[in-house]
Amino acid sequence: MDNIANNIRQIKVLLEEFSINSHRNSDTVKVLAVSKGQGAEKLLAAWHAGIQCFGENYLQEALEKITTLSDINPEWHFIGPVQSNKTKDIARHFSWVHTVDRIRVATRLSEHRQGVAQPLNICIQVNIDSEAGKSGVEPHAILDLANTICELPNLRLRGLMVLPRPRTGFAAERQPFRRVAQLLEELKSNIPQFESLDTLSMGMSNDWAAAIHEGATIVRIGTGIFGPRQTRALKE
Ligand SMILES: *Cc1c(COP(=O)(O)O)cnc(C)c1O
């Protein structure tokens with residue numbers, strides 16, 4: 001568990017370094033610890049080392065940890081594909097969903113959020129490389145989905161999320177992040193109701209320097225904090 005505390009210290013040092021290199025203030029970047037495939041005791045260690053938000057991909061696995069860690073009550077972010085029949089538990093147990101890419105899912109999340117004091121924070125996942133069979137909306141479809149989400153009573157649209165296909169080298173890694181940052185900027189500057197969008201969820205353990213350079217406000221770091229995943233996360 002010492003490793004986890006050391007890794008987190010190291011991440012904070014790097015966050016400062018990357019932010020300075022990119023002329024940004026590190027306070028504008030939140031580190032989301034991606035804990036899929038990691039046991040609850042590891043999350044607890046991360047919490048004691050200063051992590052406040054965890055990202056989970058698989059509902060069943062997440063619910064077990066949410067129950068185990070109910071005393072500390074961190075902020076839970078859902079970052080896996082959302083199946084329509086899982087929207088109830090996701091809406092009730094998480095504060096954020098990063099991976100909304102369909103109107104039907106958004107509608108159901110809002111319905112099931114009814115009665116919870118805080119709206120559910122939402123990012124639209126963008127399929128920036130137009131990969132077949134991959135989650136996310138194509139850039140041209142963002143506006144429609146964003147309009148729908150804004151009309152739903154229990155959701156709060158926060159911004160965009162991307163999981164680009166892997167690239168090699170800083171310059172290549174930056175490209176998809178830059179395009180997503182531009183898409184958010186277009187939404188914000190063209191349409192008054194989107195002016196307040198404030199979130200770019202982008203960057204993982206191996207490309208988060210590039211994501212910060214292009215304006216990421218949430219970086220999603222798993223193995224860089226916890227080391228290799230212990231269990232191969234169960235697909236549901
Ligand atoms: C697993 C996962 C991450 C974290 O990946 P690492 O390479 O372990 O940092 C980030 N985002 C999403 C959507 C993931 O599924």
Side-chain angles (χ1 to χ4, degrees), residues 3-4 6-15 18 29-40 42-43 45-46 49 51-63 65 74-83 86 90 94-102 105 109 121-129 131 133-137 158-170 172-174 176-177 180-181 199-236:
N3 277 348
I4 292 178
N6 283 335
N7 291 346
I8 291 167
R9 265 193 293 278
Q10 182 64 21
I11 295 276
K12 286 181 178 160
V13 171
L14 288 173
L15 175 60
F18 296 160
V29 184
K30 177 148 96 175
V31 175
L32 178 65
V34 175
S35 45
K36 63 169 177 255
Q38 310 287 356
K42 287 196 159 194
L43 281 69
I51 291 290
Q52 285 156 351
C53 327
F54 295 105
E56 289 279 345
N57 294 58
Y58 305 105
L59 181 62
Q60 215 46 53
E61 181 193 338
L63 289 178
K65 286 179 238 181
E75 189 174 86
W76 294 99
H77 294 231
F78 194 82
I79 62 169
V82 184
Q83 295 163 257
K86 303 281 164 69
I90 293 172
F94 288 81
S95 301
W96 284 73
V97 181
H98 291 226
T99 41
V100 171
D101 63 0
R102 303 199 287 291
V105 159
L109 286 172
N121 295 292
I122 300 291
C123 292
I124 293 175
Q125 183 174 1
V126 183
N127 182 359
I128 199 67
D129 295 312
E131 293 171 278
K134 173 133 173 208
S135 304
V137 295
R158 299 296 296 266
L160 303 177
M161 177 273 200
V162 71
L163 185 62
R165 69 174 161 71
R167 288 159 166 82
T168 309
F170 192 67
E173 286 167 5
R174 280 173 52 187
F177 298 140
V180 173
T199 301
L200 282 170
S201 168
M202 52 191 205
M204 315 199 291
S205 297
N206 50 14
D207 60 8
W208 65 292
I212 286 181
H213 200 75
E214 299 301 340
T217 64
I218 301 181
V219 289
R220 308 179 310 265
I221 303 183
T223 49
I225 288 176
F226 295 107
R229 288 181 258 283
Q230 293 157 314
T231 55
R232 201 153 52 101
L234 286 174
K235 297 256 179 203
E236 287 160 45

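Here, residue 1 is the first one in the sequence, and each next residue gets the next number. On a predicted model such as this, the values are computed, not experimentally measured, just so you know. For ligands, and for the atoms within them, numbers begin at 1 and follow the listed sequence.
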TODO: For F54, enumerate each residue passing the ring-ring contact (aromatic ring centres under 6.0 Å, His included) test, keeping only those at least two apart in sequence or located in another chain.
DONE: W76
Open item on the list: For H98 and H77, take the angle between the two ring planes, folded into 0 to 90°, and tell me which bin it lands in: parallel under 30, tilted 30 to 60, perpendicular over 60.
Closed with: tilted
Open item on the list: For a 4.5 angstrom cut-off between non-hydrogen side-chain atoms, does W96 reach T199?
Closed with: yes
TODO: Keeping the roles fixed (side chain from E173, backbone from W208), state whether a donor-acceptor pair exists under 3.5 Å.
DONE: no
Under 3.5 Å, N/O to N/O: give me all the pairs between ligand 1 and the protein, one per line with atom names and distance.
residue, atom, partner, partner atom, Å
ligand 1, 8 (O), T223, N, 2.8
ligand 1, 8 (O), T223, OG1, 3.2
ligand 1, 8 (O), R229, NH1, 2.9
ligand 1, 8 (O), R229, NH2, 3.3
ligand 1, 9 (O), S205, N, 3.0
ligand 1, 9 (O), S205, OG, 2.4
ligand 1, 9 (O), G222, N, 2.8
ligand 1, 11 (N), R220, NE, 2.8
ligand 1, 15 (O), K36, NZ, 2.7
ligand 1, 15 (O), N57, ND2, 2.7

TODO: Return the set of residues passing side-chain hydrogen bond (donor to acceptor under 3.5 Å, both in side chains) with S95 (not counting sequence neighbours), or none when no residue passes.
DONE: none
Open item on the list: So, using ring-ring contact (aromatic ring centres under 6.0 Å, His included) as the criterion, who are the partners of F177 when residues are at least two apart?
Closed with: none
